Amino acid sequence: MIREALAVKVANVVSNMHAKGKIPVASLGPIEIADTKQPEHGDFACNIAMAGSKLAGMNPRALGELIAGELAGDEAFESIEVAGPGFINFRLRNTYVSNFVTLVSRTSLLPTPLSRQKINVEFVSVNPNGPITIGSGRGAAYGSTLCNVLEAAGHQVHREYYVNDGVNSEQMRLFAESIKAILEGQPVPDNGYKGDYVQNVAEILRTDVGPDAGLDTLKAHAERLMVAKQREDLHAFGVSFDTWFSEQSLHDGGEVEAEVTALLNSGIADSEPVRVKLKLAKGGKVESVEQEPQDEGGTLWLRSTKFGDDMDRVLRRRDGRLTYIASDIAYHKDKFNRPHHADKLITVLGPDHHGYIGRLQAVVAAMLIADGQVEGRPGNTQLSETDAQLFRSGMERDLCLAATELARKMLDVQIFQLVRFLKDGKPAPMRKRDGNIFALIDLINEIGEKMRPEGMPEEKQQAGSDVARFFYLMRSHDTTFDFDLSLAETKSDDNPVFYVQYAHARISSILRKAELEPKAGEYTERPETELIKKVVDLPNEIRRCAEDYGVHRLVTYSIELARAFHHFYNECRVIDPENIATTQSRLALCQVTQIALQTTLGLLGVSAPEAM
RNA sequence: GCCCCAGUAGCUCAGUGGAUAGAGCAGCAGCCUUCUAAGCUGUUUGUCGGAGGUUCGAGUCCUCUCUGGGGCGCCA
């Protein structure tokens with residue numbers, strides 16, 4: 001809030017200077033109000049004099065002095081100095097900073113929306129063949145928080161889970177075969193599913209559908225059980241979805257076959273027994289095109305190399321079954337063409353899927369062409385030597401390039417990196433001793449048990465979920481990180497979750513004890529003004545997170561906000577019967593801090609306890 | 001071979017192209033008859049892996065390179 005207000009002041013001054021003929025342009029570019037690293041540099045700094053010196057046609061120091069001079073009369077400032085190479089340093093009056101306390105509300109702490117998009121965010125989307133694992137937990141925490149942040153930034157968000165329940169899935173078939181084997185008392189097939197939960201599913205199905213049920217029936221029922229389990233586990237983790245989309249529904253409705261036909265008609269797919277592969281040089285440039293002849297025919301190929309994918313993908317296998325890529329194309333078409341269509345898709349995937357980005361964008365590009373949504377641009381009809389191996393004509397090449405470009409704008413794939421779990425400083429196995437995969441719900445329950453041994457089951461899960469979410473979100477999703485189980489399970493001041501939650505509990509306690517109405521006043525103590533500055537910076541933090549999807553910064557912010565409060569708490573006594581005015585104004589400051597903490601923790605999906 | 005990620009204080013990591021690179025932990029020294037000590041205060045710590053380049057200015061952007069982790073299926 002303060003930054004925005006200062007940026008407006010600077011922008012006005014620049015525009016006035018232009019009106020007066022002092023500078024040749026009305027804008028010197030975007031105005032950034034930055035933190036100062038040293039207190040002697042004031043409260044905030046602006047680099048516009050350096051960034052805009054060329055446009056203004058004068059040296060940064062002179063421009064800075066000019067801007068500072070124009071701003072000098074403003075009562076917001078205690079002082080304005082031009083320093084170093086041309087920084088404009090602002091020192092704000094306490095009265096000015098104090099005024100912002102009355103402006104804080106639940107809505108004013110959210111950024112002013114610059115654009116309002118309809119965004120479909122798909123995340124988690126694991127196969128319905130087991131519980132959500134601790135690896136997927138990172139995607140769940142990240143995806144759900146990203147959705148919250150995008151919403152807070154003004155976008156309309158649709159949370160989506162894609163259920164890979166298609167008949168084409170090899171893995172799901174293997175899952176069903178494993179269950180069938182158990183029911184028949186046969187050994188589980190090689191690479192089959194052997195965890196305890198598979199036994200449980202088999203036992204449930206033995207009574208529900210009988211031991212002699214066919215493979216398709218078993219598969220359908222097993223999937224339903226697993227999806228229900230996943231939904232339940234995710235719910236305990238504070239994650240919910242607007243849509244659980246069934247892949248199989250696309251096959252049943254004929255959309256996949258229709259899309260395959262459309263692709264064939266567009267020449268994007270064919271059954272020539274050859275696979276094209278791109279040999280890429282550093283930087284992703286196509287070095288050469290290899291045609292890899294296939295021994296057997298009968299395969300239907302998506303020529304995804306036309307869209308920059310490094311090799312063509314199979315749409316229909318030799319045995320006639322469609323692949324997941326085929327349903328993916330129909331799925332993306334569906335996502336874009338629903339009544340409440342999406343302007344943009346974000347897909348959150350795990351580290352093992354990073355090779356999938358090019359494929360997915362090729363999928364969307366192919367869909368756009370098959371759907372006739374791309375205009376060909378009349379351009380160069382010449383084909384280079386490598387182009388000639390990929391495209392039939394210059395027109396087709398231009399169409400494919402346009403489709404690829406559009407697809408990259410419409411689909412944003414976010415990959416989260418690996419999580420390593422550490423216990424006592426050593427890597428903890430992702431599988432338990434009995435061979436079962438470590439499930440997210442086990443992590444939640446285990447941490448919850450340590451945190452709240454005497455709590456009710458819901459309290460334990462809440463505590464476990466809070467800690468797990470906070471930890472998952474601490475680091476950038478785009479970085480591998482170590483999840484320190486020992487630290488997460490420690491009920492100590494080392495645990496940053498509690499540092500933040502404790503600040504909220506302290507505020508709640510003060511507000512409970514207070515017998516006076518909060519009433520904003522003037523704040524003169526340094527811990528007070530520092531706290532105000534931190535509180536009103538929340539909209540700026542949310543906006544930045546929504547822009548680059550780096551939601552981990554919100555965790556850093558929450559810690560900084562809590563720290564600013566704890567400092568204030570120790571330095572400035574709130575409740576003082578001898579001084580009613582100070583008590584009231586500090587209560588108001590507590591209240592706005594509480595709002596900021598609740599908003600931040602709410603976005604992170606972490607609870608804000610009234611007492612600890 | 002190609003792709004993604006990382007390399008910053010003893011450890012774990014922040015770090016909007018800006019000024020003298022910051023936190024937490026660990027270590028040491030303090031603060032509870034006072035609103036929750038799950039808190040606060042003080043103190044020590046740097047070839048930002050390396051080399052070029054772009055820029056008025058690079059930990060941040062580009063190129064190359066070294067080291068480590070992960071990925072490149074007619075599996076999803």
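Keep in mind that this is a model prediction, so the values were computed, not measured. Proteins come first, then strands; the chains are lettered A, B, ... in the order of their sequence lines, and each starts at number 1.
Between the side chain of A:Glu177 and the backbone N or O of A:Pro189 there is no donor-acceptor pair closer than 3.5 Å. The closest donor-acceptor contact from the side chain of A:Ser125 to the backbone of A:Tyr162 lies under 3.5 Å. At distances below 3.5 Å, at least one donor-acceptor pair connects side-chain atoms of A:Ser178 with backbone N or O atoms of A:Leu174. The backbone N or O of A:Ser607 lies less than 3.5 Å from a partner atom in the side chain of A:Gln501, making a donor-acceptor pair.
Checked against the 6.0 Å centroid threshold, A:Phe123 and A:Tyr142 do not count as a close aromatic pair. Here the two rings, on A:Phe90 and A:Phe44, have centers that are 6.0 Å apart or farther.
Remark: P of B:A38 and CG of A:Asp466 are 19 Å apart, rounded to the nearest angstrom. Atom P of nucleotide B:C75 and atom CG of A:Asn164 are separated by 14 Å, given to the nearest angstrom. Rounded to a whole Å, the CD atom of A:Glu292 is 9 Å from the P atom of B:C74. Here the C1' atom of nucleotide B:C75 and the CZ atom of A:Arg316 are 19 Å apart, to the nearest Å. The distance from atom OH of A:Tyr549 to atom P of B:C5 is 16 Å, rounded to the nearest whole Å. Atom CZ in A:Phe416 sits roughly 15 Å away from atom P in B:C5 (whole-Å rounding). As rounded to whole Å, 10 Å separates atom C1' of B:C13 from atom CD1 of A:Ile559. Atom C1' of nucleotide B:C13 and atom CG of A:Asp478 are separated by 16 Å, given to the nearest angstrom.
The phosphate of B:C40 (OP1 or OP2) has a side-chain N or O of A:Tyr499 nearer than 4.0 angstrom. Residue A:Lys513 places at least one side-chain N or O closer than 4.0 Å to OP1 or OP2 of B:U36. The side chain of A:His354 places no N or O atom within less than 4.0 Å of a non-bridging phosphate oxygen (OP1 or OP2) of B:G70. Distances shorter than 4.0 Å separate none of the side-chain N or O atoms of A:Arg313 from OP1 or OP2 on B:G73. For the OP1/OP2 pair of B:A14 and a distance below 4.0 Å, the side-chain nitrogens and oxygens of A:Tyr557 include no atom meeting the criterion. In this model, the phosphate group of B:C75 is approached by a side-chain N or O of A:Arg317 to a distance below 4.0 Å at OP1 or OP2.
Counting non-hydrogen atoms under 4.0 angstrom, A:Asn191 reaches nothing in the nucleic acid. A:Arg173 comes within 4.0 angstrom of no nucleic acid atom, judged by non-hydrogen atoms across all strands. At the heavy-atom level, A:Ala503 lies nowhere under 4.0 Å from the strands shown. Backbone-only contact: A:Arg553 has heavy atoms under 4.0 Å from sugar-phosphate atoms and none from a base. Counting non-hydrogen atoms under 4.0 angstrom, A:Gln501 reaches nothing in the nucleic acid. Backbone-only contact: A:Arg563 has heavy atoms under 4.0 Å from sugar-phosphate atoms and none from a base. In this structure, A:Lys54 reaches the sugar-phosphate backbone alone: every heavy-atom distance under 4.0 Å involves primed, P, OP1 or OP2 atoms, never a base. If you check every strand for non-hydrogen atoms under 4.0 Å, A:Glu170 touches sugar and phosphate atoms only. Using a 4.0 Å heavy-atom cutoff across all strands shown, A:Ile575 reaches at least one base atom of the nucleic acid. When heavy atoms are screened at a 4.0 angstrom cut-off, A:Met50 is found touching base atoms of the nucleic acid. Residue contacts for A:Ala514: at a heavy-atom cut-off of 4.0 Å it reaches no nucleic acid atom on any strand shown. Looking at heavy-atom distances under 4.0 Å, A:Asn89 makes contact with a base. Counting non-hydrogen atoms under 4.0 angstrom, A:Ser509 reaches a base of the nucleic acid. Contacts of A:Thr299 with the nucleic acid, taken as non-hydrogen atoms under 4.0 Å apart, include base atoms.
Distance noted for atom C1' between B:U8 and B:C48: 4 Å (whole Å). Comparing the C1' positions of B:G71 and B:U12 gives a spacing of 26 Å, expressed to the nearest Å. Nucleotides B:U44 and B:G49 have their C1' atoms positioned 25 Å apart, rounded to a whole Å.
A donor and an acceptor atom never sit less than 3.5 Å apart when one is taken from the side chain of A:Arg543 and the other from the base of B:U16.
Between A:Tyr502 and A:Asn495, the side chains place no donor N or O within less than 3.5 Å of an acceptor N or O (distance only, hydrogens not considered).
Both geometric conditions, a ring-centre gap below 5.5 Å and a plane tilt below 30°, are not fulfilled together for A:His353 over the base of B:G71.
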